[in-house]
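Written below as structure tokens is the structure these notes are about.
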Amino acid sequence: MLISIMYIYTISGTTDYSVLMTYTLTSEVQKVVFIGFVASLAVKIPLYPFHI
Amino acid sequence: MLLAGVLIKLGSYGLIRYGLGLMPEACEYFAPIIYLLSILGVIYASLTTIRQTDLKRIIAYSSVGHMGIVTIGIFTRNIEGVEGSIYLQIAHGLVSSGLFIIVTMLYERYHTRIVKYYRGVTMTMPLYSLMFLILTMSNIGVPGTSNYIGEIMSLAGAMEQNEVVAVLGAVGMILSASYGLYLYNRVCFGGMSSYMLEAPRDMTRREMYIIAPLCILTLILG
């Protein structure tokens, strides 16, 4: 997740959420970043292969 | 208690806020695999719950199953699904922490968490059994409680996207009824267990003040 956030920061130049909402990421970037986010958030929500 | 009530919701908050807000296209692209993982989680976690013998483990594993429904609801990406998943998170936060508190009360009295040790709690602790029944019923998702609204809305949103996902998610609800009623039946009903030798006392006023707001909020939200 941290790597995804850093990647977003290098592309857009900000980590402010309200500024990021006005910024559209391209489709490929979204997919890469999404994997990073889900890999960390799925541990918090116990999704199946991550929870035990 | 705090882990089940608050911390678990952090993940789904992140998915709603960053997943749906920042990356809508990726959410659409990865929705099928998340559905798959959620359904596997719902069914597998519910089946794992059925064979647990530890009171706290039963409740902890049951929250894995319910959070699977929440994830399905989020990734339907329509109004019913997302709203239902938010509602289910609130409801699950109340019910799950309530069940943990109630199990801890039993643990304080008898110092064991094995289900086989307990029998016939209804005879000596009627008030406790009533609160336990309300929370168990909400955990199952009986109509009239808050979990029901969340589950039905999440699954209705899933039905709009994909029927198979909704049907398999509903199978998880049947399994959740099975372990919920199993837990309540074994602990509360039956004759008094001969192992429960200590003189049991019903809920004290302090414990009642802890548990009553959770039960009342569950019923009001439903």
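Just so it is clear: chains get the letters A, B, ... in the order the sequence lines come, proteins before strands, and each one is counted from 1.
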Handout entry: Residues of residues 5-21 of chain A with any heavy atom under 4.5 Å of a heavy atom in chain B
Key = A:Ile8, A:Tyr17, A:Leu20, A:Met21

Handout entry: Proximal to chain B - members of residues 31-44 of chain A, heavy-atom separation under 4.5 Å
Key = A:Lys31, A:Val33, A:Phe34, A:Ile35, A:Phe37, A:Val38, A:Leu41, A:Lys44

Check for a donor-acceptor pair, side chain of [X] on one end and backbone N or O of [Y] on the other, with a separation under 3.5 Å.
| X | Y | value |
| --- | --- | --- |
| B:His66 | B:Ser176 | no |
| B:Arg109 | B:Met105 | yes |
| B:Thr145 | B:Gly141 | no |
| B:Tyr179 | B:Thr48 | no |
| B:Tyr184 | B:Ser129 | yes |
| B:Tyr118 | B:Thr112 | yes |
| B:Arg77 | B:Phe75 | yes |

Handout entry: Nearest-0.5 Å distance, OH of residue B:Tyr128 to CD of residue B:Glu207
Key = 9.5 Å

Problem - Separation between CD1 of B:Ile140 and CG of B:Leu181, rounded to the nearest 0.5 Å - result: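 Taking CD1 in B:Ile140 and CG in B:Leu181, the distance rounds to 4.0 Å.
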
Practice task
Specify which of B:Leu10, B:Leu7, B:Val42, B:Val64 makes the most heavy-atom pairs with chain A at under 4.5 Å.
Solution key: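 Of the candidates given, the most pairs with chain A belong to B:Val64.
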
Completion exercise
Nearest heavy-atom approach of B:Ala158 to B:Val165 is CB-CG1, 4.2 Å

Exercise for the section: Test side chain to side chain contact (heavy atoms under 4.5 Å, CB included) on B:Leu88 and B:Asn147 and set out the steps. Expected result: CA-CA 6 Å; B:Leu88 184 54; B:Asn147 282 44; 4.1 Å; yes

Exercise for the section: Could you name each residue pair satisfying side chain to side chain donor-acceptor pair (under 3.5 Å) that touches residues 92-103 of chain B, not counting sequence neighbours? Expected result: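 Found B:Lys9-B:His92.
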
Exercise for the section: Answer yes or no: is there a side-chain heavy-atom contact under 4.5 Å between B:Ser154 and B:Ile72? Expected result: no

Handout entry: Proximity of residues 20-39 of chain B to chain A, residues having a non-hydrogen atom under 4.5 angstrom
Key =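 The list, in residue order, reads B:Gly21, B:Leu22, B:Met23, B:Pro24, B:Glu25, B:Ala26, B:Cys27, B:Tyr29, B:Phe30, B:Ile34, B:Leu37, B:Ser38.
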
